[in-house]
Q: 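Take a look at the following structure, please.
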Amino acid sequence: MASRAGVHATTVYRRWGSIAELLADVATSRFSGDIVVPDTGTLRGDLERYASDLAKDLCDPDTLALVRATIGTGGEQGAAACRGEREQQLEAILEREQAKGRERPTLERTTDAILAPLYYRAVFTNEPLTSGWAYDLVSHLLSDENGAAKAPDSASDSLVAD
């Protein structure tokens, strides 16, 4: 990379300190603003478009390689670089819904229901990321919010023992 930039490797390390820091900066830059927050008029439509666009983005070989390398070398810093902008985009969708006076799932629940499965499937499996599957994630989230199923919401309901 240093040779491509026409600088000595020490210049790169002086700026970033480690490959993990460099990749985190690249990921933050790459994922900022690449997916437009949809405004279809409904929460379902917005989340379906968002999930479908993210699935399409994660299918790009360069994007997937960057995500894997950033998380692999950067640990939590790398993960934060990959998910930070995505969570802000989801939060914008959810806040718009709340501003309309409508019920909405929490950011944590939405992240668990949409972002987590998309990233898991992209990074750790060879299963396809299709629009239909992304729409199903949204359907499950919204049906769960309407009482079809309920996740544990307190420490006493937790499935993890302390």
Q: Could you work out, with side-chain hydrogen bond (donor to acceptor under 3.5 Å, both in side chains) as the rule, every residue matching R104, not counting sequence neighbours?
A: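 Result, side-chain hydrogen bond (donor to acceptor under 3.5 Å, both in side chains) vs R104: Q98.
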Q: So, do T110 and L115 sit near enough that their side-chain heavy atoms are less than 4.5 Å apart?
A: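 Not touching, per the 4.5 Å side-chain cut-off.
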Q: Could you pull out all residues at least two apart from E103 that satisfy side chain to side chain contact (heavy atoms under 4.5 Å, CB included)?
A: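 Partners of E103 under the side chain to side chain contact (heavy atoms under 4.5 Å, CB included) test: none.
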Q: With sequence neighbours excluded, what pairs up with S139 under the side-chain hydrogen bond (donor to acceptor under 3.5 Å, both in side chains) test?
A: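 S139 satisfies side-chain hydrogen bond (donor to acceptor under 3.5 Å, both in side chains) with R44 once adjacent residues are dropped.
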Q: Going through the distances and angles, do R109 and I114 end up as a side chain to side chain contact (heavy atoms under 4.5 Å, CB included)?
A: CA-CA 9 Å; R109 178 71 184 112; I114 296 175; over 6 Å; no
Q: Between CD of E48 and CG of D136, what distance do you get to the nearest 0.5 Å?
A: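 If we round to the nearest 0.5 Å, E48:CD and D136:CG are 9.0 Å apart.
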Q: Identify the heavy atoms of L64 and L58 that sit nearest to each other, and give their distance.
A: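 Minimum heavy-atom separation between L64 and L58: CB-O, 3.7 Å.
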Q: Side-chain contact test, heavy atoms from C-beta onward, threshold under 4.5 Å: evaluate it for E127 versus W133 and give yes or no.
A: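 They are not in contact (no side-chain heavy atoms under 4.5 Å apart), so the answer is no.
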Q: Side chains of H140 and Y135, heavy atoms from C-beta outward: is any pair under 4.5 Å?
A: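 No; the side chains remain at least 4.5 Å from each other.
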Q: What pair of heavy atoms forms the shortest contact from A55 to L118, and how long is it?
A: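 In this case the closest contact between A55 and L118 is CB-CD2, 3.9 Å.
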Q: In chain order, what residues pass the side-chain hydrogen bond (donor to acceptor under 3.5 Å, both in side chains) check against T130, with sequence neighbours excluded?
A: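 Here no residue qualifies.
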Q: Please answer whether the main-chain N or O of N126 pairs with a side-chain N or O of R121 as donor and acceptor at a distance below 3.5 Å.
A: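 Side chain of R121 to backbone of N126, a donor-acceptor pair under 3.5 Å: no, none is there.
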Q: Between Y50 and V138, is there a side-chain heavy-atom distance shorter than 4.5 Å?
A: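 No, too far: nothing below the 4.5 Å cut-off.
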Q: Taking all atoms of both residues into account, what is the closest heavy-atom pair of L43 and P105, and its distance?
A: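 L43 and P105 have their closest heavy atoms at CD2-CD, 3.8 Å.
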Q: For residues L107 and E87, report the shortest heavy-atom separation together with the two atoms involved.
A: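 The pair with the smallest heavy-atom distance is CD1-O, 3.8 Å.
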Q: Could you check whether any side-chain heavy atom of P38 comes within less than 4.5 Å of a side-chain heavy atom of L47, counting everything from C-beta outward?
A: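 Counting from C-beta outward, P38 and L47 never come under 4.5 Å.
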Q: Any chance you could measure D112, atom CG, to L141, atom CG, to the nearest 0.5 Å?
A: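 Separation between the atoms: 10.0 Å.
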Q: Roughly how far, to the nearest 0.5 Å, is CG of D57 from OG of S52?
A: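 One finds 11.0 Å between OG of S52 and CG of D57.
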Q: Please list, chain by chain and in numerical order, all residues satisfying side-chain hydrogen bond (donor to acceptor under 3.5 Å, both in side chains) with T111, sequence neighbours excluded.
A: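 Per chain and number, T111 pairs via side-chain hydrogen bond (donor to acceptor under 3.5 Å, both in side chains) with no residue.
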Q: Write out all pairs satisfying salt bridge (charged side-chain N to carboxylate O under 4.0 Å, His left out) with one or both partners inside residues 89-99, taking only residues at least two apart or from two chains.
A: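 Listed once each, the pairs are D39-R96, D46-R96, E97-R102.
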